[in-house]
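Notes to accompany the following structure.
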There are 2 protein chains.
Amino acid sequence: MVDDDKFTVLKNPSLQEAKTIIEKSFLNKTTLVVAGNCKVIYDGRASSKLDFGERLIIVKRDRAILVHRSKGYEPVNWQPSGCILHVKIIKNSIQISAIRHNPREMLKVIFNKIFMLSTLLLDDSADFTLFASEKDMHQAILIKPSLVEKGLKPISYEKKVTPGFIDVYGVDKNGKLVIIEVKRKNAGKEAVLQLANYIKAIETKANRDIRGIIVAPNISKGVQRLLMSLNLEFIALDPRLCAKVLKKTENAKLETYFYKKN
Amino acid sequence: MVDDDKFTVLKNPSLQEAKTIIEKSFLNKTTLVVAGNCKVIYDGRASSKLDFGERLIIVKRDRAILVHRSKGYEPVNWQPSGCILHVKIIKNSIQISAIRHNPREMLKVIFNKIFMLSTLLLDDSADFTLFASEKDMHQAILIKPSLVEKGLKPISYEKKVTPGFIDVYGVDKNGKLVIIEVKRKNAGKEAVLQLANYIKAIETKANRDIRGIIVAPNISKGVQRLLMSLNLEFIALDPRLCAKVLKKTENAKLETYFYKKN
DNA sequence: ACATACATCTCGCGA
DNA sequence: TCGCGAGGTGTATGT
């Protein structure tokens, strides 16, 4: 039931048929979709076992392999891109193995029945663009520091300190040093501890008082208390608002550009 | 080309055909696999755009939806299980939308061509078992404390303290209190800060000296220094070894069982 | 190669 | 429902 180079679909193939198609798919780097009854063995950083059951297996062009059960976002077993793939027939079953080095890991999917086997040559060169990331928040704060506080003057961005990086670093309207830790999600305990740590690292070096501010869409009550006990501050900021600020700035730039041209 | 209740495959269906099959799949909670040319819009915690290209879309029984490109482990767009699904025809395209509340999010996949459409009723009730998790490490330490240190006597497991949980908590051979933070991966800065925080919380309450130990397969040099400066300790322990210890214990139990019977 | 931090992280467990 | 932490997390970005 081979259609053309673009995609093929087989229903209830024999093991031999399946093996041929799968090998060809590995060679031609097409996307492979297999539905069938299989068991799965994984051994590597951890190890796992999954007895026979009906699942959906996807092997991509870059040799990423996913074993999906009928529920949930996550694959039950997988191997990231770049692994080495093999297929072979053992007794009355067909076995796909994916091996990777660094870390040394092994995934085996053993089918005793394949219902559906499809190979797809997916043509997809579109750009994926994502808005409202933490990076967008950093950018927006640099462009419009009043999002955090009136009179704030950013000095540097992603400054390296002894253990890690400071998100934003600047001076407030009174000339006091300010360290800002940005989070795109509700700030948790670890964000506060991180900030406290940075403050300490800088304070010992600069030998002067420093303000520490957590910037995030929200903060839980317990963490708020911890924050206050460490003498730190919290400012609410929505990543989506930041994305809007960036968008506006881009438009403004575009306008400037056209203005110059005309 | 409908086969039976168990699975169906359609090649190059018309939009109307596709809509009917997809609706039926949503109703019957079968796993849906669609390959076709589509664009994708996401708006929620963040937002994203992906112009037309050929992709693989999976909708599971629990309404988790995944949009996969031809490369990589991760879906380019998705919605976790539990969202509300709709399908409708708009002009010459078919649109699948997945909406979720809390957080309020929306995913739209708009096809102008479907190559392959498959519905699968996956029967899968097997248990998935994973070995060498962090929990296995906790268990192994409780069973065989010498994995950490000779003479260690665990008192409690996952004891709640003001900020979070302590992994393991015990007394060393000299009667000194010991708090253990277990990590299945190489210990990082955050693990050390976490432990330091716990120690402080307990020390202020118990008003006595406490040893803090990070147990992990490895620790980086910089973190090692931080550890020493905070007067904490590190013990190397491999999660895979812990899994073996547990396995052995299980076997021993089994032997005891048979011994009793005979 | 190693270390660090983000992610529309997801998922499960408790309060 | 929220908060917290694990995960075979993966992935990008430095050094």
Side-chain angles (χ1 to χ4, degrees), chain A residues 42-48 64 66-67 71-82 100-107 128 130-138 158 160-161 163-167 181-191 194 218-223 239-240 243, chain B residues 40 42-48 62 64 66-67 71-83 98 100-107 128 130-138 158 160 163-165 167 181-191 194 218-223 239-240 243:
Chain A
Y42 156 72
D43 195 49
R45 287 165 291 179
S47 61
S48 74
L66 311 169
V67 181
K71 284 182 176 183
Y73 162 88
E74 292 177 318
V76 61
N77 279 110
W78 71 91
Q79 210 62 255
S81 70
R100 132 160 116 137
H101 313 294
N102 204 324
R104 192 153 191 82
E105 296 198 297
M106 175 272 285
L107 176 68
F128 176 72
L130 181 77
F131 309 97
S133 64
E134 189 181 306
K135 209 164 198 171
D136 284 0
M137 293 181 77
H138 295 171
E158 295 220 332
K160 191 164 177 22
V161 285
F165 281 85
I166 286 172
D167 286 345
E181 173 72 26
V182 178
K183 291 287 161 200
R184 74 173 305 287
K185 295 197 299 181
N186 292 7
K189 206 177 45 172
E190 96 242 325
Q194 208 174 328
N218 209 335
I219 192 165
S220 60
K221 206 150 191 185
V223 176
R240 319 235 350 187
Chain B
V40 189
Y42 158 71
D43 194 49
R45 287 164 290 178
S47 61
S48 74
D62 62 352
L66 312 169
V67 182
K71 283 182 177 184
Y73 162 88
E74 292 178 319
V76 61
N77 279 111
W78 72 91
Q79 212 57 249
S81 70
C83 60
R100 141 160 109 135
H101 314 293
N102 201 324
R104 193 153 189 82
E105 297 197 296
M106 175 272 286
L107 176 68
F128 176 72
L130 182 76
F131 309 97
S133 63
E134 189 181 305
K135 207 163 198 171
D136 284 0
M137 293 181 78
H138 295 173
E158 293 219 334
K160 193 166 178 16
F165 281 84
D167 286 345
E181 172 74 26
V182 179
K183 292 287 163 200
R184 74 172 306 286
K185 295 198 298 183
N186 292 6
K189 204 178 45 172
E190 97 238 325
Q194 210 174 327
N218 211 336
I219 191 164
S220 62
K221 205 148 192 184
V223 176
R240 317 239 348 192

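Any value given below was found using the heavy atoms of this structure, including those in side chains, with hydrogens, waters and symmetry copies removed. Throughout, a chain's letter reflects where its sequence line sits, starting with A, and its residues are numbered from 1.
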Report the distance from atom [atom1] of [X] to atom [atom2] of [N], rounded to the nearest whole Å.
X: A:D136; N: C:dT8; atom1: CG; atom2: C1'; value: 13 Å
X: B:D167; N: D:dG7; atom1: CG; atom2: P; value: 10 Å
X: B:H101; N: D:dT1; atom1: NE2; atom2: C1'; value: 16 Å
X: B:K185; N: D:dA6; atom1: NZ; atom2: C1'; value: 9 Å
X: A:I166; N: D:dG14; atom1: CD1; atom2: P; value: 17 Å
X: A:E134; N: D:dT13; atom1: CD; atom2: C1'; value: 14 Å
X: A:N218; N: D:dT1; atom1: CG; atom2: P; value: 16 Å
X: B:E190; N: D:dG5; atom1: CD; atom2: P; value: 10 Å

Looking at [X], does any N or O in its side chain come under 4.0 Å of the phosphate oxygens OP1/OP2 on [N]?
X: B:W78; N: C:dC9; value: no
X: B:N186; N: C:dC2; value: no
X: B:S133; N: D:dA6; value: no
X: A:K189; N: D:dG5; value: yes
X: B:S220; N: C:dT4; value: yes
X: A:R100; N: D:dG8; value: no
X: A:K183; N: C:dC6; value: yes
X: B:R240; N: D:dG8; value: no
X: B:R45; N: C:dT10; value: yes

Quiz item: Passes side-chain contact (heavy atoms from CB on, under 4.5 Å), B:V40 versus A:F128? Steps please.
Solution: CA-CA 9 Å; B:V40 189; A:F128 176 72; over 6 Å; no

Quiz item: Say you pick atom C1' in D:dG7 and the same atom in D:dT11; how far apart are they, in whole Å?
Solution: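 It works out to 15 Å between them.
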
Quiz item: Using atom P of each nucleotide, how far apart are C:dT8 and C:dT4 to the nearest Å?
Solution: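 Result for the P pair: 23 Å, nearest Å.
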
Quiz item: A:K183: what forms a salt bridge (charged side-chain N to carboxylate O under 4.0 Å, His left out) with it, not counting sequence neighbours?
Solution: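 A:K183 satisfies salt bridge (charged side-chain N to carboxylate O under 4.0 Å, His left out) with A:E181 only.
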
Quiz item: Which residue, A:N102 or B:A46, contacts DNA chain C at a nucleotide closer to its 5' end, judged by nearest heavy atom?
Solution: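 Counting from the 5' end, the first nearest nucleotide belongs to A:N102.
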
Between the side chain of [X] and the main-chain N/O of [Y], is any donor-acceptor distance below 3.5 Å?
X: B:R240; Y: B:F131; result: no
X: B:R45; Y: B:E105; result: no
X: B:D62; Y: B:S81; result: no
X: B:D43; Y: B:M106; result: no

Practice problem: Return yes if the base of C:dT8 and the side-chain atoms of B:D43 contain a donor-acceptor N/O pair under 3.5 Å, otherwise no. | Solution: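 When only heavy-atom distances are counted, B:D43 does not reach the base of C:dT8 through any donor-acceptor pair under 3.5 Å.
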
Quiz item: Can you find a donor-acceptor N/O pair under 3.5 angstrom joining the side chain of A:Q79 to the base of D:dG8?
Solution: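 In this structure, the two groups form a donor-acceptor pair.
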
Quiz prompt | From CA spacing to verdict: side-chain contact (heavy atoms from CB on, under 4.5 Å), A:E190, B:E190 | solution = CA-CA 7 Å; A:E190 96 242 325; B:E190 97 238 325; 5.8 Å; no

Self-check item: Which nucleotides of DNA chain C pair, in dot-bracket form (Watson-Crick or G-U under 3.5 Å, | meaning another strand)
Solution: |||||||.|||||||

So what does [X] touch, heavy atoms closer than 4.0 Å: a base, only the sugar-phosphate, or nothing?
X: B:V76; value: base
X: B:E105; value: base
X: B:N77; value: base

Please write out the pairs of protein N or O atoms and N or O atoms of nucleotides 11-14 of chain C separated by less than 3.5 Å, giving the distance to one decimal.
| from | atom 1 | to | atom 2 | distance (Å) |
| --- | --- | --- | --- | --- |
| C:dC11 | OP1 | A:Y73 | N | 2.8 |

Quiz item: Do B:V67 and B:P75 come within less than 4.5 Å of each other through their side chains, counting heavy atoms only?
Solution: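 Not in contact.
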
Exercise. Decide yes or no for B:D167 and B:E134: does some side-chain heavy atom of the first lie under 4.5 Å from some side-chain heavy atom of the second?
Key: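 Yes, close enough: below the 4.5 Å cut-off.
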
Exercise. Search all heavy atoms of A:D136 against all heavy atoms of A:L130 and return the closest pair with its distance.
Key: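 Heavy-atom minimum between the residues: OD2-O, 4.3 Å.
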
Quiz item: To the nearest 0.5 Å, how far apart are CD in A:Q194 and CD1 in A:I166?
Solution: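 Nearest 0.5 Å value for the CD-CD1 distance: 10.5 Å.
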
Quiz item: Quick one: on DNA chain D, does A:G188 or B:L130 contact a more 5' nucleotide (nearest heavy atom)?
Solution: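 The answer here is A:G188.
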
Exercise. Using the closest heavy atom to pick a nucleotide of DNA chain D for each, name whichever of A:K221 or A:S48 lands nearer the 5' end.
Key: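 Its nucleotide being nearer the 5' end, the pick is A:K221.
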
